[in-house]
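Keep in mind that what you see is a predicted model, and the values were worked out from it rather than measured.
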Amino acid sequence: MHSDDVAHTLNYATLCDLVRREMAVPSRLLEHVAGRIGKAVFEQWPEATALDLRLTKENPPMGADCDGAGIELHLINDKTIG
């Protein structure tokens, strides 16, 4: 937010492809998918210090009348600390 230079941000098309690739891998837990996405983001952009991630599973098979069930994670890239 300190710069208006596109070189100071990540490439959203690359990010979208990364998320799409991880979401295509069959997984039982959203937490597992989120962990893989976080790891992939920090590998792609090692200078990233943190990531806020929200995933929602629409129509979850839990017998409840709801729009979805989800998780929110705040991940810290410990390689950028210190």
Side-chain angles (χ1 to χ4, degrees):
M1 304 292 193
H2 301 287
S3 170
D4 195 31
D5 186 340
V6 71
H8 296 152
T9 189
L10 52 83
N11 182 307
Y12 295 123
T14 301
L15 177 61
C16 188
D17 289 341
L18 180 150
V19 171
R20 190 176 289 121
R21 182 177 64 240
E22 292 302 330
M23 292 299 292
V25 177
S27 301
R28 288 183 258 168
L29 299 174
L30 286 177
E31 293 85 350
H32 188 246
V33 178
R36 287 197 325 263
I37 290 171
K39 182 179 177 186
V41 166
F42 291 148
E43 286 175 357
Q44 179 72 38
W45 294 282
E47 67 279 7
T49 57
L51 171 67
D52 289 314
L53 180 62
R54 182 181 342 173
L55 290 179
T56 302
K57 184 175 202 170
E58 296 177 352
N59 301 316
M62 53 192 247
D65 185 21
C66 65
D67 292 332
I71 61 164
E72 292 184 26
L73 296 175
H74 177 74
L75 303 171
I76 297 172
N77 186 359
D78 60 4
K79 294 180 184 101
T80 63
I81 298 172

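With Val41 as the partner, the side-chain contact (heavy atoms from CB on, under 4.5 Å) test is satisfied by one option alone out of Val19, Leu18, Asn77: Leu18.
The same ILVMFWY cluster, assembled from side-chain heavy atoms under 4.5 Å apart, contains both Leu55 and Tyr12. Tracing side-chain contacts under 4.5 Å through hydrophobic residues (I, L, V, M, F, W, Y), one never reaches Ile76 starting from Leu53; they form parts of separate clusters.
Environment of CD in Glu47: crowded, with over 12 heavy atoms of neighbouring residues, nucleotides or ligands closer than 6.0 Å. Within a 6.0 Å sphere centred on CG of Asp67, other residues, nucleotides and ligands contribute 12 heavy atoms or fewer.
At least one side-chain heavy atom of Gln44 sits under 4.5 Å from a side-chain heavy atom of Thr14.
Nearest heavy-atom pair across Gly38 and Leu75 is CA-CD1, 3.7 Å. In plain terms, the two heavy atoms of Ile37 and Glu22 that are nearest each other are CG1-CB, 3.7 Å. Considering every non-hydrogen atom in both Gly68 and Thr56, the closest pair reads CA-CG2, 4.1 Å.
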Worksheet item: Step by step, would you call Val33 with Met23 a side-chain contact (heavy atoms from CB on, under 4.5 Å)?
Response: CA-CA 7 Å; Val33 178; Met23 292 299 292; 3.4 Å; yes
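To the nearest 0.5 Å, atoms SG (Cys66) and NZ (Lys57) are separated by 11.5 Å. Rounded to the nearest 0.5 Å, atoms CZ (Arg20) and CG (Leu15) are 10.5 Å apart.
In terms of modelled atom types and a separation under 3.5 Å, the side chain of Ser3 and the main chain of Asp5 share a donor-acceptor contact.
Residues Arg36 and His32 have side chains that bring a donor and an acceptor to within less than 3.5 angstrom of each other.
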